[in-house]
Amino acid sequence: MLKVDHVSIHFAGRDGRAVHALDRVSLEIPERGFVVALGTSGCGKSSLLNAIAGFLPVSEGAITLNGRPIERPGADRGVVFQKDTLLPWKTVADNVALGLKFAGVGKAERRARAEELLGLVGLRDFGRAYPYELSGGMRQRVGIARALATDPDILLMDEPFGALDSLTRETMQELLVDLWQRTGKRIFFITHSIDEALLLGTELVVMSPRPGRIVARFKPDFVQDFAREGRALAARARPDFAELGEEIRALIHRSEPGSLAA
Ligand SMILES: Nc1ncnc2c1ncn2[C@@H]1O[C@H](COP(=O)(O)OP(=O)(O)OP(=O)(O)O)[C@@H](O)[C@H]1O
């Protein structure tokens with residue numbers, strides 16, 4: 001279990017006043033859970049993800065993974081960002097195996113594991129290519145393979161498909177749901193897209209800013225239809241898909257700065 005227990009994160013703002021990026025946020029991600037956070041810009045989504053990753057210390061509260069407190073980055077958490085962070089001078093296979101190298105895994109095993117992971121993300125023949133030879137979608141596939149390399153307990157994904165064109169994004173959503181089913185990893189995923197959140201999440205947490213809080217939680221089951229069909233069509237066709245989407249849209253708009261409903 002990944003457990004975020006009453007976590008607050010404060011930053012010193014430029015005017016000297018504290019910025020409450022997160023205020024007593026609690027969250028649990030069970031095995032095979034796919035939790036999606038969404039909300040307006042500045043509601044603390046990335047701060048929450050960075051704290052789970054161990055990049056950012058919490059001001060109050062605690063985060064534990066299988067009972068162990070998270071205090072620093074670790075191989076039990078794989079991270080994927082919107083912008084790929086591949087090393088341009090290394091081949092795709094070497095990029096995928098980077099975490100394994102740090103973990104002291106030998107060359108032959110690294111190579112075999114990279115090949116296996118590249119097969120899993122549909123890039124079997126690209127191990128010797130360099131990142132500049134790949135499209136944006138392909139680079140994100142490499143990023144996902146790299147995040148999976150150390151066989152982490154959880155995947156942390158910060159708007160991983162936010163910079164992709166809509167067709168590539170759909171393909172990547174299909175790939176991720178397939179990977180999720182096959183690997184059984186728990187996932188924490190950030191998006192600005194209500195459609196994407198509904199399609200992917202087993203739990204959606206809607207956040208609002210200043211201070212960053214969870215204002216609503218939903219447990220939709222559209223991802224089961226998506227996984228079964230391999231396509232989003234059946235899930236999107238359900239009347240409750242649009243209804244829940246509208247409910248979440250209204251919630252988010254209400255929390256926007258300057259909103260008349262705020
Ligand atoms: N290092 C920092 N120093 C000071 N303030 C910060 C820092 N990082 C984030 N903040 C502030 O904390 C709040 C939450 O930021 P965060 O990036 O977590 O939000 P977000 O929901 O991920 O936003 P976005 O959707 O735009 O990525 C914002 O008000 C932001 O300005």
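Remember, it's 1-based here, ligands and their atoms both numbered in the order they're listed. Quick note: numbers below take in every heavy atom, side chains included, and nothing from hydrogens, waters or symmetry partners.
- Residues Thr85 and Arg146 have side chains that bring a donor and an acceptor to within less than 3.5 angstrom of each other.
- Legend: residues meeting salt bridge (charged side-chain N to carboxylate O under 4.0 Å, His left out) with Arg17, ordered by chain and number and at least two apart, are Asp15.
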Would you mind listing each N/O atom of ligand 1 next to any protein N/O under 3.5 Å, plus the distance?
unit_1: ligand 1; atom_1: 18 (O); unit_2: Ser47; atom_2: N; d: 2.9
unit_1: ligand 1; atom_1: 18 (O); unit_2: Ser47; atom_2: OG; d: 2.6
unit_1: ligand 1; atom_1: 19 (O); unit_2: Gly44; atom_2: N; d: 3.2
unit_1: ligand 1; atom_1: 21 (O); unit_2: Gly42; atom_2: N; d: 3.4
unit_1: ligand 1; atom_1: 21 (O); unit_2: Cys43; atom_2: N; d: 3.0
unit_1: ligand 1; atom_1: 21 (O); unit_2: Gly44; atom_2: N; d: 3.0
unit_1: ligand 1; atom_1: 21 (O); unit_2: Lys45; atom_2: N; d: 3.1
unit_1: ligand 1; atom_1: 21 (O); unit_2: Lys45; atom_2: NZ; d: 2.9
unit_1: ligand 1; atom_1: 22 (O); unit_2: Ser46; atom_2: N; d: 2.8
unit_1: ligand 1; atom_1: 22 (O); unit_2: Ser46; atom_2: OG; d: 2.9
unit_1: ligand 1; atom_1: 23 (O); unit_2: Gly42; atom_2: N; d: 2.9
unit_1: ligand 1; atom_1: 25 (O); unit_2: Lys45; atom_2: NZ; d: 2.8
unit_1: ligand 1; atom_1: 25 (O); unit_2: His192; atom_2: NE2; d: 3.0
unit_1: ligand 1; atom_1: 26 (O); unit_2: Ser41; atom_2: OG; d: 2.5

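- Checked for salt-bridge contact, Asp94 and Lys101 miss the test: no charged N lies under 4.0 Å from a carboxylate O.
- A perpendicular orientation is assigned to the rings of Phe241 and Phe222, their planes being inclined by more than 60° (bins at 30° and 60°).
- Pairs engaging residues 174-188 under the salt bridge (charged side-chain N to carboxylate O under 4.0 Å, His left out) rule: Asp151-Lys185, Asp153-Arg186, Asp178-Arg182 [sequence neighbours left out].
- A search for side chain to side chain contact (heavy atoms under 4.5 Å, CB included) contacts involving Glu116 returns Arg113, not counting sequence neighbours.
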